[in-house]
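Here is the structure we will look at, set down as structure tokens.
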Amino acid sequence: MSATISRLPFKPQPSVIPGFGITLGLTLFWLTLIVLIPLVSLFLKSASLGWPSFWEIITAPRVLLALRLSFSTSFIAAAVNGIFGLLVAWVLVRYEFPGRRLVDALIDIPFALPTAIAGIALTTLWAQSGWLGALVAPLGIEVAFKPLGIVIALIFVGLPFVVRTVQPVLQDFNKEVEEAAESLGARPWQIFFNVILPSIMPAALAGFALAFARALGEYGSVIFIAGNLPMVSEIAPLLIVIKLEEFSYPEATAIAAAMLVISFILLLIINALQRWAERRERRR
Amino acid sequence: MAGLAFTARPRKPGANGKPGQRVTQAVLIGIAVLFLGIFIVLPLAIVFSMALSQGWAAYVDALVEPDAISAIKLTLLTAAITVPANMIFGLLAAWAITKFEFRGKSFLITLIDLPFSVSPVISGLVFVLLFGLQGWFGPWLQEHDLKVVFAVPGIVLATMFVTFPFVARELIPIMQEQGTEEEEAAFTLGASGWQTFWRVTLPNVKWALLYGVLLCNARAMGEFGAVSVVSGHIRGHTNTMPLHVEILYNEYNFVAAFAVASLLALLAIVTLILKSVLEWKLARDRKQPIVHTA
Amino acid sequence: MRIEVVGVSRQFGEFKALKDVSLTIQSGELVALLGPSGSGKTTLLRVIAGLDWADAGDIKFDGVSASTRSVGERHVGFVFQHYALFRHMTVFDNVAFGLRVRPRKERYSNAEIEARVNELLQLVQIDWLADRMPAQLSGGQRQRVALARALAIEPRVLLLDEPFGALDAKVRKELRRWLRRLHEQLGMTSVFVTHDQEEALELADRVVVMNKGRIEQIDTPGQLYDNPSTPFVSRFLGDSNELDCHVAAGSVLLPGLDTSALPRVSVPNGPAKLYARPHDIAISAAEDGEACVRFISAVGANIRIEAELPDGRVVELTRTREEQAEDPVAVGARVGLRLYRAQVYPAG
């Protein structure tokens, strides 16, 4: 009897602290109700379609193009954030300059600002007559209502991720290692690329993956600036909404399930990257 | 000589001196500030600029208009339900996870974090699938004349889903770090479980809790995608502030749209200011007491 | 209060922290649990307190089983290794905590609580720190707060987990003396855990030496030092030379060492292990001596000498400065070594 109990998950080591049963029980109950049942229902619903029709839906040209657009714009935005995020983190950690604390606080704006607000603000800013749109228009660059606009919006929403993952690692970076390299005659750029960059790489990659995952699912900030032309500037989350509004539930469900699977795979990769980063941290 | 403003004081002795490095620093700081200016400051600035572009009167009119008022009310109501619910859940989950050792713990943490990695649109869609007309509980709900989707309960549920992890994930690391010794000490002194929670555990995590609540609230009030899918956009009934902004914007009523948007932008700014204050307090809570020599 | 530990075992997963441990602590005694890390001493202390429990066996307070009583009902004062002070409360509130959480009908009035807390703060000599927060205190001061807090509930027994572990050497000595006096003043049954033998030997009435979840020996400090009963205790307590030897008919054979002064040992014939303290070996200059001086350190009250036996093994011994003045030996000199006292155990 006790052997079977001990094999169950969530069985605690006994403790003098009370409340294990009730707190874990309520946690699981609430989690099941709010998160698990809804997510499972999505998979059950799409499974009820059967594999052939599921496959047919997600390989329709309009869906494939939407997915391709979502992936490519998310990737470009995350890459831009990767490079500039590193740079911003470096500047914030290494240099002292007037207004540094303010700049540091500003990084979190994309986390705090509702996405729809970001969407209309960016659209107004980058429209042909907008503050920035008018600046680049003479160069023949159109941003709003083009895929480039999507990238801009996704850069905005993903901006904090890389900065916030790299910052603490850079902060804890052991200066002695750097000084050792300096004493061995390494030049500043050699120190950066051979000593510092390798040790902040896992954190930067994790930040990149987080920004990428966030961008894939993003909706509010993109739909205003994207133009939303079918087959051209229509992202996958928008397609789900459109299918819903047309009452094509099976199609909406199938696309959502496919995207969810992709996000879960990304989540696994992010977790692995973060564990890797932590292990490297501890080894130092 | 505007560049002088950004002449860097290196924090580490040894990196200064060489003029070449100073230039590098100034250039890097310049690029970072320019990047953040374009992507963060300007979007924020244009919200307020547009909102006030036709003067204060037009601004105030947009905010006191009945549909705007009802959107503000619904947003406050949604936050008033979801934030306390998530606060209680966060405390329960953090207690179970940090005060006990059990198998499956890291899996449980992953499950709690799950809503972070789900697209807002999908977060709304799942509730349509459950409670919509063609959903599992749809027919039953219709028979009993209950409305979840395209009604307030759906908005609350979707918001709850999206903000689910916020409080728990702020509490778990700090409670893990603080360990269980203080609770054990309280028990040896004869305190009950409740007394220990209220007098020892809760005061120790109050800033982290507030921090989580703050972020949870900002997200609850600002959530767009998930709420948009379940709301049905019924003006004056199921419109939250972000949805109201969208409608006004699509009607080319830019001043009104940005006026309502400016309230949410203010909320974001206030949240960040409070967050900075809390981070400072939190750093103090986290710091292990330093052992001086007597 | 008398504490009895009866056949207690405790297992964490595969790791057996306590293996059938039995022990009686008399009322008013000050007892040290001494052992290396992982020996089970802290687990035993926590089981006595009720913070952990036995998989088998029982804890009795004055003959009454405590196993059904929760930690709060046992009325033990527990001082944690890292003090576990409530970080958001002042020193005063920390000490008052145990009095304030009592059920209403047993609770003192606020005035009484205040008087009692002040009395305790005076007892531990930190009444002037009452309004400070724990983070503003030194390690030694925190230790005193933790003690006052534990004493506030009028415990029947005081349990201390590595009470001096986190302090630096000087404060450690001072607090040790102070705790000894406090114990004499209060007369409360007290048990403390330590890995520092000096602390245990100096402070405790009796010392319980633990190793790998078992009790090796329970004795007064003097007995423990002079008559260790197991090889572990011989090795663990004080400095000892560990030497392989042979036993034949109760006498010890060790080439290069004169063992004729040793009493007969009750160890079977054959290979054996011998433990000898450095001050139990006498050295004298001798032209025909079998041993040779390799190293001399003349720092401190005693002279420390390393001598090499014919087979190359090195023995460490001490002699007084007077002895060295009367019969000087120098590095490289031939010497005779004579053993006066040793512990001998069968090999293996």
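The shown structure was predicted, so the numbers you read here are calculated from the model rather than taken from an experiment. All values below were derived from every heavy atom in this structure, side-chain atoms included, with hydrogens, water molecules and symmetry-related copies excluded. Residue numbers start from 1 in every chain, and the chains themselves are labelled A, B, ... in the order their sequence lines are given, proteins ahead of strands.
Counting heavy-atom pairs closer than 4.5 Å to chain A, the top residue among B:Thr180, B:Val47, B:Leu44, B:Leu157 is B:Leu44. Taking chain B as the reference chain and counting heavy-atom pairs below 4.5 Å, the highest number among A:Gly220, A:Ala121, A:Ala236 is found for A:Ala121. The candidate with the highest count of non-hydrogen atom pairs below 4.5 Å against chain A, out of B:Ile88, B:Val245, B:Leu42, is B:Leu42. When each of A:Leu44, A:Val40, A:Ile22 is scored by its heavy-atom pairs under 4.5 Å with chain B, the top score falls to A:Leu44. In terms of heavy-atom pairs under 4.5 Å with chain B, the best-connected choice from A:Val241, A:Ile223, A:Thr124, A:Thr123 is A:Thr124. Between chain B and the options A:Leu33, A:Val103, A:Leu216, A:Leu106, heavy-atom pairs under 4.5 Å are most frequent for A:Leu106. Put simply, of A:Val88, A:Ile37, A:Leu125, A:Ile107, the one with the most heavy-atom pairs under 4.5 Å next to chain B is A:Leu125. Between chain B and the options A:Phe264, A:Phe156, A:Trp131, A:Trp126, heavy-atom pairs under 4.5 Å are most frequent for A:Trp131. Most heavy-atom pairs under 4.5 Å with chain A, from the set B:Gly90, B:Ala94, B:Ala93, B:Ala257: that is B:Ala93.
With a 4.5 Å cut-off on non-hydrogen atoms, B:Leu36 touches chain A through its side chain but not through its backbone. In this structure, the portions of B:Ile112 lying under 4.5 Å from any heavy atom of chain A include both its backbone and its side chain. Looking at A:Ala213, neither its backbone nor its side chain comes within 4.5 Å of chain B, counting heavy atoms on both sides. Both the backbone and the side chain of B:Leu28 come within contact range of chain A, with heavy atoms under 4.5 Å apart. Contact of A:Leu238 with chain B is not made at all, since no heavy-atom distance falls under 4.5 Å. For B:Tyr249, the part lying near chain A is the side chain, with the backbone staying farther off; criterion is any non-hydrogen pair under 4.5 Å. If you measure heavy-atom distances from B:Phe127 to chain A, the contacts under 4.5 Å come from the side chain alone. With a 4.5 Å cut-off on non-hydrogen atoms, A:Ile152 touches chain B through its backbone and its side chain both. For chain B, the nearby part of A:Leu36 is the side chain; its heavy atoms alone come within less than 4.5 Å. If you measure heavy-atom distances from B:Ser49 to chain A, the contacts under 4.5 Å come from the side chain alone. Using a 4.5 Å cut-off between heavy atoms, B:Glu184 touches chain A through its side chain atoms alone. Proximity to chain B (any heavy atom under 4.5 Å) is restricted, for A:Leu267, to the side chain, taken from C-beta onward. Contacts between B:Val41 and chain A at a heavy-atom distance below 4.5 Å involve the side chain alone, from C-beta outward. Looking at B:Ile46, the atoms closer than 4.5 Å to chain A (heavy atoms on both sides) sit in the backbone and in the side chain alike. Both the backbone and the side chain of A:Leu42 come within less than 4.5 Å of a heavy atom in chain B. When heavy atoms are compared at a cutoff of 4.5 Å, B:Met50 approaches chain A solely by way of its side chain, counted from C-beta outward. In this structure, no portion of A:Phe111 lies under 4.5 Å from any heavy atom of chain B. Looking at B:Thr110, the atoms closer than 4.5 Å to chain A (heavy atoms on both sides) all sit in the side chain, from C-beta outward. For B:Ser276, the part lying near chain A is the side chain, with the backbone staying farther off; criterion is any non-hydrogen pair under 4.5 Å. The parts of A:Leu113 that come within reach of chain B are both its backbone and its side chain, each placing non-hydrogen atoms under 4.5 angstrom from that chain. Within the 4.5 angstrom heavy-atom criterion, no atom of A:Ala118 approaches chain B.
Counting only heavy atoms from C-beta outward, the side chains of B:Phe254 and A:Ile120 never approach each other to under 4.5 Å. The shortest distance between side-chain heavy atoms of B:Ile40 and A:Pro110 falls below 4.5 Å. Two residues are said to be in side-chain contact when any heavy atoms from C-beta on lie closer than 4.5 Å; B:Leu108 and A:Leu31 meet this criterion. Put simply, the side chain of B:Phe116 does not reach to within 4.5 Å of the side chain of A:Leu210, judged on heavy atoms. A:Thr23 is not listed as a side-chain neighbour of B:Leu91, based on a closest heavy-atom distance of 4.5 Å or more. B:Phe224 is not listed as a side-chain neighbour of A:Ile117, based on a closest heavy-atom distance of 4.5 Å or more. Looking at heavy atoms from C-beta onward, A:Val35 lies in side-chain contact with B:Pro115 at the 4.5 angstrom threshold. Looking only at side-chain heavy atoms (C-beta outward), B:Phe89 and A:Ile34 stay at 4.5 Å or farther from each other.
Remark: A:Ile255 CD1 to B:Ser119 OG distance equals 12.0 Å, nearest 0.5 Å. One distance of note links CG of A:Asp104 with CD of B:Glu279; it measures 8.0 Å at 0.5 Å rounding. Atom OG of B:Ser117 sits about 12.0 Å away from atom CZ of A:Arg214, to the nearest 0.5 Å. Annotation: the span from A:Ile155 atom CD1 to B:Phe39 atom CZ amounts to 4.0 Å, rounded to 0.5 Å. In this structure, the separation between OG1 on A:Thr253 and CG on B:Leu129 is 4.5 Å, given to the nearest 0.5 Å. Here the OG-CG distance, from A:Ser41 to B:Leu130, works out to 4.0 Å after rounding to the nearest 0.5 Å.
The two atoms that bring B:Ala85 and A:Trp30 nearest to each other are CB-CZ2, 4.1 Å, heavy atoms only. Scanning all heavy atoms of the two residues, the minimum distance from B:Phe100 to A:Gly19 falls at CZ-C, 4.1 Å. Minimum interatomic distance between B:Leu125 and A:Ala252 (heavy atoms only, all atoms of both residues): CD2-O, 3.9 Å. Residue A:Gly217 comes nearest to B:Pro120 through the heavy atom pair O-CD, 3.3 Å, listed as atom of the first residue, atom of the second, then distance. Smallest separation of non-hydrogen atoms from B:Trp95 and A:Pro18: NE1-O, 3.1 Å. Of all non-hydrogen atoms in B:Leu264 and A:Pro114, the two that sit nearest each other are CB-CG, 3.8 Å.
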Problem set entry | Stepwise side-chain contact (heavy atoms from CB on, under 4.5 Å) check, B:Thr24 with A:Trp189 | CA-CA 11 Å; B:Thr24 315; A:Trp189 60 269; over 6 Å; no
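Each salt bridge (charged side-chain N to carboxylate O under 4.0 Å, His left out) pair with one or both residues in residues 248-266 of chain A, not counting sequence neighbours, appears once here: A:Lys243-A:Glu251.
Annotation: A:Phe20 is in aromatic contact with B:Phe102 [ring centroid separation under 6.0 Å].
Within 6.0 Å of atom CZ in A:Phe192, more than 12 heavy atoms from other residues, nucleotides or ligands are found, so the atom counts as buried in its surroundings.
Under the 30°/60° scheme for interplanar angles, the aromatic rings of B:Phe35 and A:Phe84 are found to lie parallel.
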